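What you are looking at is a predicted structure, and each value in this text was computed from that prediction instead of being measured. Order of listing sets the numbers, starting from 1, for every ligand and every atom in it.
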Amino acid sequence: MSQPLVVANWKMNPQKLKEAKEIASVSDEKNVVLCPPFVFLLEIKKILKKANTGAQNCFSKKRGAFTGEISPLMLKEAGCKYVILGHSERRELFEEDTKKIREKIALVLSVGISPIVCIGEKRKSRKNEEEVKKQLVGLLKGTSLKHIIVAYEPRFAIGTGNSCPLDVAKKRLFFIKKVLQDIEKKGEKTPVLYGGSVNAKNASLYIKDAGFQGLLIGGVSLKKESFSKLLKNVTK
Ligand code: PEP
């Protein structure tokens, strides 16, 4: 089996380039994708020997008068192989909706970057399979899934320390694969990552027991020792 993909979402951290470089140097593994803030992308890319880089977002147009925005073409130029799209913080704090995220997915694919498309229910409730389906269909129906990565991130688990119970995550993975297969014949082959309060202890459970193809890590990806431990645990 190939190594699980581990995507590190640094969010708006760290504040200093020196620290960013230190974190990157202990995270430099082939199966890792580091997603630093935009301003650190070029410098981080320079010091990596094995890991890839990704962005945490991008704009839905290639070029033009869009003050303050970053184009996927610029990300390509900076060496990014991936872009995280539709993260719950983007949806909630920046009011990104399905239409906007769909536009970004299409544009990112058109420049040869793989979108890491985040989905996940808001609350623990009986209805949440339907919520997950609605998000997947809304974002991906009609799109080729060939270069897409899906990240299942139940919102109640993000940054809370309360990771999704393993049996629920496993059930959800099965359901997501089924929906992806309905969207496209070979859709079940689309890699699905788990994200939400993953740490060095629970990381391998989501890979080995629940069957996810990788992880999307927030908080712990900034902690050098814990992240190194996590990487060891998921690859051994
Ligand atoms: C995230 O923000 O995508 C995330 C998974 O965060 P954390 O690992 O801190 O829960």
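- Atom numbering of ligand 1 starts at 1 in the shown order; those under 4.0 Å from a heavy atom of Gly159 are 7 (P), 9 (O), 10 (O).
- Annotation: His87 places an N or O atom under 3.5 Å from an N or O atom of ligand 1; distance criterion only.
- Within 6.0 Å of atom NZ in Lys133, 12 or fewer heavy atoms from other residues, nucleotides or ligands are found, so the atom counts as exposed in its surroundings.
- Nearest non-hydrogen protein atom to atom 8 (O) of ligand 1 is Gly218 N, 2.9 Å.
- Distances below 4.0 Å separate heavy atoms of Ser197 from the following atoms of ligand 1: 7 (P), 8 (O), 10 (O).
- The single protein non-hydrogen atom nearest to atom 5 (C) of ligand 1 is Glu153 OE2, 3.0 Å, given as residue, atom name and distance.
- Taking 4.0 Å as the cut-off between side-chain N and carboxylate O, Arg155 and Glu121 do not count as a salt-bridged pair.
- Residue Ile158 approaches ligand 1 through these ligand atoms, each under 4.0 Å from one of its heavy atoms: 1 (C), 2 (O), 4 (C), 6 (O), 10 (O).
- A salt bridge is defined here as a Lys NZ or Arg NE, NH1 or NH2 lying under 4.0 Å from an Asp or Glu carboxylate O, and Lys50 with Glu29 meets this definition.
- Residues satisfying the ring pair (Phe, Tyr, Trp, His ring centres under 6.0 Å) test with Phe227, not counting sequence neighbours, are none.
- Looking only at protein heavy atoms, the nearest one to atom 9 (O) of ligand 1 is Gly219 N, 2.9 Å.
- The shortest N or O to N or O distance between Gly195 and ligand 1 is not under 3.5 Å.
- Checking each of Ile116, Ile148, Val108 against Leu85 for a side chain to side chain contact (heavy atoms under 4.5 Å, CB included) leaves exactly one that passes, namely Val108.
- Applying the 4.0 Å criterion to heavy atoms of Ala157 picks out, from ligand 1, the atoms 10 (O).
- For the pair Asn128 (side chain) and Glu131 (backbone), a donor-acceptor distance under 3.5 Å is absent.
- Near Gly196, meaning under 4.0 Å from any of its heavy atoms, are these atoms of ligand 1: 5 (C), 10 (O).
- In summary, of the residues considered (Lys100, Glu69, Lys99, Arg102), a side chain to side chain contact (heavy atoms under 4.5 Å, CB included) with Ser60 occurs for Lys100 alone.
- Taking every non-hydrogen atom of Lys11 and a distance limit under 4.0 Å, the qualifying atoms of ligand 1 come out as 1 (C), 2 (O), 6 (O).
- Contact detail for Ser110 and Lys62: the closest heavy-atom pair is OG-CE, 3.9 Å.
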